[in-house]
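Notes to accompany the following structure.
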Amino acid sequence: EKAGFDHFMLKEIYEQPKAYRDTMGSRIDATGKKVVLNEIGMTPEQIKAIRNVHIVACGTAYHAGLVGKSVIESLARIPVETDVASEYRYRSPIITPQTLVIVVSQSGETADTLAALREAKRNGARVLAITNVVGSSVAREADDVIVTWAGPEIAVASTKAYTSQLIAFYLFGLYLAQTLGTKDEAYIADVVSALQELPAKVEHILAQSETIKGVAEQVSTHNNLFFIGRGLDYHVVMEGSLKLKEISYIHSEAYAAGELKHGTLALIEEGIPVIALATQGDLFEKTVSNIKEVKARGAHVFGIHEEGEAELAKVVDQVFAIPATLPLLTPALSVVPLQLLSYYASLARGNDVDKPRNLAKSVTVE
Ligand code: M6R
């Protein structure tokens, strides 16, 4: 049932191109220029009445929600807050009938996420669920559901569910933009066409997994490392760091690159690995100057950049290029090398990749 792969996690990483295609599926209209979300019951009037959005989730789904915030704010210009479900419930969030609450859960059974959904409904908000399990508790109780068609995810470490959640956010963000008129047709058509190119670009990254394996083997000999990035890259490195901790048991921290000098830089010492994501063109120079800060303190930097960007190779020790896409869509590509990195680091350490210690696939207790 692992279809020739050594672990479910690797199989699921390789299933991502299909998961992207299936999640987009019939949600892109025949002209390939706009999004159709027949499953959304909200009327255009109800969508126009939305004043704010709360995205609530746990773990990896929370990290997808951080990207979701940028996607919705940039496409639909509605203010969005993203919260960890176990915090959201207890901070008296300001939820009104004009709040759209989006809960994100692969399993649809996470206790804190389900409790947040109920709290949102008690306060009169409309709830949209993004879930991978049709008929799950979250799917049954939400007003609207976008199913991610990633297929069953068996490995405890979430991979294809996360990237399918990103696709769901792109589709929903575009749907809001179409309804609200915040972006014109040509812009929407460009994003839709870039979305459709993602699966082949993921395949291109997967074909270079040996390079990542080499880096992972070096990383696996360390007990501490850092991930840095800015903007969307920061949210992706948060996910990369969680994945590495979860299955390799190597301690790592993800930092917004510009925050380093406010404390963390003190931890950088000779030889410490730093994984730097620098895919966002408008932030590139800023990230490079943060990379120079850690290099000057002896860090060994592994940089990930977009193809065609020659600069990074001059300042870091090793580079890996991902295919170019629109800045908003890079998370759906840049997370893939980080997933492979965790997988191979866990493997090199001889861990049980699919069943990491102390963890369960579905967390149904608070
Ligand atoms: O089923 P859910 O998406 O609600 O699960 C949320 C988290 O428990 C989950 O993403 C967890 O963080 C993963 N094991 C991370 O790889």
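Order of listing sets the numbers, starting from 1, for every ligand and every atom in it.
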query = Are side-chain N/O atoms of Ser158 and Glu153 paired as donor and acceptor at under 3.5 Å?
reply = yes
ask   = With a 4.0 Å cut-off, would you call Glu73 and Arg77 a salt bridge?
value = no
request  = Looking only at distances, please establish whether an N/O atom of ligand 1 is found under 3.5 Å from an N/O atom of Thr113.
outcome  = no
Minimum side-chain heavy-atom gap Arg230-Gln280 below 4.5 Å = no
ask   = Would you say the side-chain atoms of Glu109 and Ser136 include a donor-acceptor pair closer than 3.5 Å?
value = no
inquiry  = Quick test: of every protein heavy atom, which one is nearest to atom 4 (O) of ligand 1, and how far off is it to 0.1 Å?
reply    = Thr110 OG1, 2.5 Å
message = Does any N or O of ligand 1 fall below 3.5 Å from an N or O anywhere on Gly59, backbone included?
response = no
task = Below 4.0 angstrom from a heavy atom of Glu246, which ligand 1 atoms are there? Numbered from 1 as shown, please.
result = 13 (C), 14 (N), 15 (C), 16 (O)
query = What protein heavy atom sits nearest atom 1 (O) of ligand 1, and how far away is it?
reply = Ser107 OG, 2.7 Å
request  = Quick one: look up the protein heavy atom nearest atom 15 (C) of ligand 1 and list residue, atom name and how far away it is.
outcome  = Thr60 OG1, 3.0 Å
key: Top protein contact for atom 8 (O) of ligand 1, by heavy-atom distance   = Val363 CG2, 4.1 Å
remark   = Closest to atom 3 (O) of ligand 1 among protein heavy atoms sits Gln106 N, 2.6 Å
message = Checking Ser209 against Lys213: is there a side-chain donor and acceptor pair closer than 3.5 Å?
response = no
key: Ala157 neighbourhood, listing ligand 1 atoms whose heavy-atom distance to it stays under 4.0 Å   = 16 (O)
key: Residue portion contacting ligand 1 (non-hydrogen atoms closer than 4.0 Å) for Lys361   = neither
key: Ser362 to ligand 1, any heavy atom closer than 4.0 Å   = no
task = State plainly whether the residues Lys33 and Asp29 are in salt-bridge range, i.e. N to O under 4.0 Å.
result = no
message = Considering non-hydrogen atoms of the protein only, which is the closest contact for atom 6 (C) of ligand 1, and what is the distance?
response = Cys58 O, 3.4 Å
Donor-acceptor side-chain pairing of Asn224 and His251 below 3.5 angstrom = yes
Check: Gln339/Gln16 side-chain N/O donor and acceptor closer than 3.5 Å = yes
task = Using distance alone, decide if ligand 1 has a nitrogen or oxygen within less than 3.5 Å of any nitrogen or oxygen in Gln165.
result = no
remark   = At under 4.0 Å between heavy atoms, what of Glu109 touches ligand 1? The answer is neither
inquiry  = List ligand 1 atoms under 4.0 Å from Ala61, heavy atoms only on the residue side.
reply    = 3 (O), 10 (O)
message = List ligand 1 atoms under 4.0 Å from Lys243, heavy atoms only on the residue side.
response = 15 (C), 16 (O)
query = Any salt bridge between Asp143 and Lys121, counting N to O under 4.0 Å?
reply = yes
message = Tell me whether Arg297 is salt-bridged to Glu270, with the criterion being a basic N under 4.0 Å from an acidic carboxylate O.
response = no
